[in-house]
Amino acid sequence: MRLIVAVDNEWGIGNKGDLLARVRADLRNFRRVTADCAVILGSNTLATFPGGKVLPKRVNIVLHPDPAYHPEGATVAHSLEEAVEISRRFPSDKVFVIGGASVYRQMLPYCDVAYITKFKKSFEKDVYFEDLDASDEWELESESEEFVSDPETDTEPDLKYTFCIYKRKKTMKKELPKTYSPDEIEGRLYDFWNEKGYFTPEIDAKKKPFSIVIPPPNVTGKLHMGHALNNTLQDIIIRTKRMQGYSTLWVPGTDHAGIATQIKVEENLRVEQGLTRHDVGREKFLEMVWDWKNKYSDNIKKQLRRIGSSCDWSREAFTMSPTLSAAVKKTFVRLWDKGLIYRGFRIANWCPHCNTALSDAEVEHKEIPGNFWHIRYPIKGTDEYLTIATTRPETMFGDTAVAVHPEDERYKDLVGKTLILPLTDREIPVIADEYVDREFGTGCVKITPCHDPNDFEVGARHGLEHIFAIGEDGKMTSAAGRFEGMDRFEARKATVKALEEEGYLVKVEPHGHNVAHCYRCGNVIEPLASRQWFVKMKPLAEPAIAAVKEGHIQFIPERFSKNYLNWMENIHDWCISRQLWWGHRIPAYYCDDCGEITVSETDVTVCPKCGSKKMRQDEDVLDTWFSSALWPFSTLGWPEKTPELDYYYPTNVLVTAYDIITFWVSKMIFMALDTMDGKPIDKAVPFPDVFIHGLVRDAQGRKMSKSLGNGIDPLDIVDKYGADALRFALATGNSPGNDMRFSDEKIEAARNFNNKIWNAARFVLMNLTVDDYHLPEKEQLTTADKWILTEYNSLIGEVTANIENYELGVALSKLYDFIWDVFCDWYIELVKPRLQSGDETAQRVLVFVLSNTLKLLHPYMPFITEEIWQSLPHKGDSIMVSEWPKTSKELDFADDALKMERVIAVIRAIRARRAEMNVPNSKKATVYIVTDYKDTFEPSIFPFFERLASASEVDVIDSYGKDDAVQVVTDSATAYIPLAEMIDLEKEKARLTDERKKTVGEIERLEKKLSNEGFVAKAPAAVVEAERVKLEKYKDTLSGIDAALARL
RNA sequence: GGGGGCAUAGCUCAGCUGGUUAGAGUGCAUGCUUGACAUGCAUGAGGUCACUGGUUCGAUUCCAGUUGUCCCCACCA
């Protein structure tokens, strides 16, 4: 139970011992009067509650000018409004007000119970509380008899008063609700953490740093399931590290996403106003994009908060912010100065729809059916011709040669001859080039340097002319003669038709081929020669390859390093210019007079070469990945030497999906290595670990996409089931690098788990009479207590190690098993009888194990764990900053745990027996136990059998003489249950025989294994020993079964 | 054309550096109004760990091949 206690000294009862005693007594009746927050108003409050016994333990707000009255840890509020405001941030479902009219009105909305002193002046009647009495939300529960103030001590001698307790009618809850309802809790807790400043770490030389930079979502829209998974995984890691005592920074931010965003805004502009970006102009258009960006990045921020991401919002970054833009310029200039950026006339991927060049990474190849057209090119001055084969006949108008292989006997003589390009009267030469594959097609290739990367190379080798057949708008140029202005696909049909009509077409073969498409708009890419900026990749790739090969950067799972290396080792130069408006404008300036190119971080207005003032900045912007490549250090303030950069760089891990390794991860690696050149390699890498996760698919295993309409909005899930359920569903069973399916079943299982935890906590709280989070003395612990502590202790070790190794799904399933099966289904059940008799040891063990297990679970399910932890006895302000549990020898009671396991095994066996025989639980019977482990099966564990194995009573005996009992055999004991009328002798015999067979099988298997010399000699001693122990157990069981059979 | 993943219960998937009576969730069957939870409890059925070889004392796990399936990369006109 959490309280906010609002106390007002103006109530005038400070000197009335009887009333004060009444207040205290009432408060004591509540189980635990600890509060997360107390609003204390006035001066004599502390005197009113001497020693803090009734007063809340931790006082957060004090409204008093004299510091002498401020309890330790108090915050001073300067007005009641402020106090109310602060108090709202504290988790609370019950609020108490003790006080007079001056405080109750403000606090009442947060109250369920109000202790109120009503004053009556002789001439007035209930002046202050008429509204409360009139309200149908509140009811008067009790009212003391009327007091009259003491004329000697009271300041207002004619005052009469009564002491009243009001309760809120409907919302007064006697206990926590039966099912967990996250909606109200989550928002409140996130604000609480935020206000407390837990998300913002201190740069502390005494602590070890731990940092992650978020893969910045695009500001194009809202987050999808993939983002939810990505950020859940990061948050799990970050929260764990924070609790482990690291100074933990998670930098959030967004990416301006050049092309993607511009297209969205253009689309919006077109739909809403029927305008293009050219209609509104560059400046105005960019304003619109900024508006869009602000709207969507706010939205994204909100979504990240909803799922509980513990990002440091004070260090939020954006790829186009001034600091990051400075980093971009600086990097561009540096690479230019090093000769690693050049401007070149090259074939680039051109999207006629987006009107920009694209990098290779930004095109998607799709297999589409096409044709192979065989076309005759007449040889000048003869009746002969050469037949070429092409998939793109419309580009023939850009042909400037036909190439054959230099050693191709068929065409050797033709090299150097001239051909007439059909449908035109242009003459082109036949050239010889090794590029041509003699086996493919006709062995003759038309060379179109402006429209094909290979042809471009060939053209360069042979000094061929550049003729564009298709323009940037995707329409035919004047070179196409009569087809000028025609769309490129129309032109293909028209060209083929003309060729056919004029007799140039030899044949048509169906031929599927891969065609590049724009990853944004989906249109077919036109390879087009143009002047673009490029990054020379080879020199940058080398150290980036070495860093991974030498293990300075590690992919998890490891196999993705192959992906990365494969790509890096076959890398092409990176086209970084984009003909867009939204992005970092290229910091290059052209002199109109002398043509000099000047690259500079600052604006250039005078040509450094000729002094001309006719300077123009390049119109193009940079590829969006250029700025995101700098993300790990630009977000920490680089190029400034900030304390953040110094302390948090390199970041510790990058968490991302595999589909973005080549796009982004690789670029960050080579950019960081180049930028941090000179640092030792371990300080230069952007991150030592790359934790790769898979994609989130729908229940049928399909990729979630807009066109399929199968996308699930993570926020819908949060609304319906809560953030913790979403996080659980995403984290559970998720293994690194593998895709996962998201289904209703999964989310329901997650919801159920939430509910299970909630109810376990509810049960613990309902039975709690002690206010202590410490473990009882060893001497007081029972076998069951020691068992659960031992289990808990090993859980800590396993979960911690799993998280350390990024086995987040495995760690979670262990937590799930522990909480559900071990803690709830066994420990709570074992402990129930003790709770009924008010055993405090049991309560304290429950609290200890539950609250510490919640800590281990907190990174996965931050909200519910905080909410429950707050309501349990605890130390500290928040589970989020509590200390991560550590394994301890103090918690390890292996011998007792073993005893408990024997008991559990017998109980299980009895239940199974009874269930098989359809004996209802209501039918109780004595359980006689024959065992060699008399110290295990001693009276303290008898209640377990009564409760969990339908025993009416339990007796440990040396042997059971009669034959009227069901016999249940385990390796440590045989239980006899006299249920004579239930027993079917034949069935019983059959079952035992069957069991015997299985056991004998196991024994044989183990004996064979142990008699294998190879095994005994070569297997590790521990393994051999374990097998021996197993064998002994089976032998024990077997003798039990044999004895049982004998008596039948 | 290269590279990689996956193949385990009806379904969805775990199973880390070889030794388990091969697990979970869900579904199925049976029985439970047990003072936290039916979003629950108990019990059970259900698997030649795709196939074939190899390494090993021992292979679901490591290696090779086969089949099926999915993905990534690639400028053969």
For Asp817(A), which contact category applies under a 4.0 Å heavy-atom criterion: base, sugar-phosphate, or nothing? nothing
Can a side chain N or O of Arg751(A) be found less than 4.0 Å away from OP1 or OP2 on rU39(B)? no
Considering only heavy side-chain atoms of Asn759(A), the closest of rG19(B), rA36(B), rG5(B) is rA36(B)
pair_partner(rG44(B)), Watson-Crick or wobble, both distances < 3.5 Å, evaluates to rC28(B)
Roughly how many Å apart are rA74(B) and rG2(B), using the P atom of each and rounding to a whole number? 16 Å
Decide whether a cation-pi geometry holds between Arg346(A) and Phe534(A); the criteria are a distance under 6.0 Å from NZ or CZ to the six-membered ring centre and an angle within 45° of the ring axis. yes
At under 4.0 Å, does any side-chain N or O of Arg741(A) touch on OP1 or OP2 of rC13(B)? yes
Could you go step by step and tell me if Phe753(A) and Asp724(A) meet the side-chain contact (heavy atoms from CB on, under 4.5 Å) rule? CA-CA 10 Å; Phe753(A) 184 49; Asp724(A) 289 331; over 6 Å; no
Please tell me whether Tyr377(A) and Asp399(A) have a donor and an acceptor in their side chains that are separated by less than 3.5 angstrom. yes
State, yes or no, whether a side-chain contact exists between Glu1007(A) and Leu1031(A) at a heavy-atom distance under 4.5 Å. yes
Mind checking the P distance from rC41(B) to rA64(B)? Whole angstroms is fine. 45 Å
Regarding the side chain of Lys1030(A), the nearest nucleotide among rG19(B), rU21(B), rC37(B) is rU21(B)
Would you mind building the protein contact string for nucleotides 70-77 of chain B? One character per nucleotide, 5' to 3', B for base within reach (heavy atoms under 4.0 Å), S for sugar-phosphate only, - for untouched. ----BBBB
C1' gap between rG3(B) and rG27(B), integer Å: 38 Å
What I want to check is whether the side chains of Thr448(A) and Lys446(A) have a donor and an acceptor closer together than 3.5 Å. yes
Should the ring pair Trp820(A) and Tyr816(A) be called parallel, tilted or perpendicular, given that the plane angle runs from 0 to 90° and is split at 30 and 60? tilted
At 4.0 Å (heavy atoms only), tell me whether Ser735(A) reaches a base, stays on the sugar-phosphate, or touches nothing. sugar-phosphate
Just name whichever nucleotide pairs with rU21(B), Watson-Crick or G-U, keeping both distances under 3.5 Å, else none. none
Paired with rU69(B): which nucleotide, if any, by Watson-Crick or G-U wobble criteria at under 3.5 Å for both distances? rG5(B)
N-O pairing of Glu1032(A) and Arg1028(A) below 4.0 Å: no
Have a look at Ala760(A) and say if it touches a base, only the backbone sugar-phosphate, or nothing, with a 4.0 Å heavy-atom cut-off. base
Touch check for Asn570(A), heavy atoms < 4.0 angstrom, all strands: base, sugar-phosphate only, or nothing? nothing
With the side chain defined as heavy atoms from C-beta on, Glu1002(A) is closest, among rU20(B), rA36(B), rU21(B), to rU21(B)
In whole Å, measure the gap between the C1' atoms of rC51(B) and rU60(B) for me. 14 Å
Heavy atoms only, 4.0 Å cut-off, all strands: where does Arg1005(A) land among base, sugar-phosphate and nothing? sugar-phosphate
Checking rG19(B), rU12(B), rA36(B) against the side chain of Ile828(A) (C-beta onward), the nearest is rA36(B)
Using the 3.5 Å cut-off, write out each protein N or O paired with an N or O of nucleotides 26-34 of chain B and the distance between them.
| unit_1 | atom_1 | unit_2 | atom_2 | d |
| --- | --- | --- | --- | --- |
| rU26(B) | O2' | Glu745(A) | OE2 | 3.2 |

